[in-house]
Amino acid sequence: MFHPQRKTMDLLPLVCLCLLTWSAGTAADHSPVVVKVEPGSDVILPCSLSPQKSITSEHFEWKKDGQKKVFEYDGGDHSNTILTDQDEQFRRRVSHFSDQLKNGNASIMIINTQLNDTGNYTCDFPDLQPRQTFYIKLVFGGAAPEPYVKTLKTDDGMVLQCAVRGASPQPKVEWKDSAGNILPAKEPQVTERGGSYNVILQAPLTKTDNFTCVVTQKEINHQISADIYALNGAAPEPSVKVVKTKDGELLQCVVRGVSPQPKVEWKDSAGNILPAKEPQVTERGGSYDVILQAPLTKTDHFTCVVTQEDINHQISADTYARNDSTGLVVGVFVPIILLVVGFVLVQTEL
Ligand SMILES: *[C@@H]1O[C@H](CO)[C@@H](O)[C@H](O)[C@H]1NC(C)=O
């Protein structure tokens, strides 16, 4: 019924680097460096003295939310050797970069990040003069992945649905038609977890077109989109007629360019479904043409009923058809009988 195609379009090829890009925070500047991580991935929390100076024999402490001891280093000893008051949450999950200490780099790596790892971290040099503290905020998400697009049947009819998961910062989500017009959409459903956003946007499907869901995170120069070819293929009134074939007269019902594939039936005026041949169905680009023929065996009012259950749509067309054999009775036998009767009467008179 539709053919999703996806395409990605990174405004900046360096977006991935943005995930770990940071600028030096200082004690005076409490606005944190924001680090984004995919759930379950490893992440480096950055912390470096500037100007550079070796910290091999210095003391630094990493804490989460002002209290939990994440990692501590003190002149060669650290949380993975003899320093023991590390929080249980971070046990055997945090390492530092010993070869970087000479460059004043106190960054740490946390493996397999989970939701409770998101939050505010500090990297503190308590013994330096002046004391230096760096602020780092860890959030889930990052550059939005390709949105998931589909058509969906709702109480209000068919809609286009676009779902974005794990995006941070909150993305703007829009549906556009092939001409680039933004479709009127409902208010998006937004949920947030650990600084990472899920957004679902629905727009009514009012025409057949190639639609694009565009997800934009201006702050990190990221845009990504996914396409879907969707048909608003509610069947129009079928065209009905009687066709003469070598097998006799047939009631013919034709439905064109509809989606999803409809069920087509011929009924008589009493509502009985007529025995019909196998319908001829052709499909192109997800849209269907159906031709249904049923033998015309009596004179009646006939209805061709087209049903698309998936989209709650039914439409029909009527025709009054005279059966040929009835026609033969009325058109040929009756005049002959009348003629014979007349002839007999005339003979009797004489
Ligand atoms: C600090 O070390 C980490 C790990 O090697 C590295 O990714 C980061 O770029 C370093 N920071 C600086 C400012 O060199």
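FYI, side chains are in, hydrogens and waters are out, and symmetry mates aren't considered; it's all heavy atoms of this structure. This is a predicted model, so every value here is computed, not measured.
- Residue pairs meeting the ring-ring contact (aromatic ring centres under 6.0 Å, His included) criterion with at least one partner in residues 161-217, sequence neighbours excluded, are absent.
- Here Ile108 contributes atom CD1 and Arg93 contributes atom CZ; the two are 10.0 Å apart, rounded to the nearest 0.5 Å.
- Remark: the backbone N or O of Asn116 is paired with a side-chain donor or acceptor of Gln89 at under 3.5 angstrom.
- No donor-acceptor pair closer than 3.5 Å links the side chain of His78 to the backbone N or O of Leu83.
- A donor-acceptor distance shorter than 3.5 angstrom exists from the side chain of Gln217 to the backbone of Pro169, with no hydrogens or angles considered.
- Considering only heavy atoms from C-beta on, Leu251 comes within 4.5 Å of Leu274 through its side chain.
- Classification of the Tyr73-His96 ring pair by plane angle, with boundaries at 30° and 60°, yields tilted.
- A search for ring pair (Phe, Tyr, Trp, His ring centres under 6.0 Å) contacts involving His59 returns nothing, not counting sequence neighbours.
- The backbone N or O of Lys218 lies less than 3.5 Å from no partner atom in the side chain of Thr216, so there is not a single donor-acceptor pair.
- Looking only at distances, no side-chain donor or acceptor of Arg131 sits under 3.5 Å from a matching main-chain atom of Phe125.
- Donor-acceptor pairing under 3.5 Å is recorded for the side chains of Ser107 and Asn105.
- The pair Arg256-Asp289 meets the salt-bridge criterion, with a side-chain N (NZ, NE, NH1 or NH2) lying under 4.0 Å from an Asp/Glu carboxylate O.
- The main-chain N or O of Asp99 is found under 3.5 Å from a side-chain atom of Lys102 such that the two form a donor-acceptor pair.
- A distance of 9.0 Å separates CG of Leu201 from CD of Gln161, quoted to the nearest 0.5 Å.
- Between the side chain of Asp268 and the backbone N or O of Ala270, at least one donor-acceptor pair lies under 3.5 Å.
- The distance from atom CD1 of Ile291 to atom CD of Gln280, rounded to the nearest 0.5 Å, is 4.5 Å.
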Problem set entry | Intermediate values then yes/no, salt bridge (charged side-chain N to carboxylate O under 4.0 Å, His left out), Lys69 and Asp87 | CA-CA 5 Å; Lys69 179 76 64 74; Asp87 193 276; over 6 Å; no

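- Between the CD atom in Gln202 and the NZ atom in Lys150 there is a gap of 9.0 Å [rounded to 0.5 Å].
- The OG atom of Ser269 sits 10.0 Å away from the CG atom of Asp318 when rounded to the nearest 0.5 Å.
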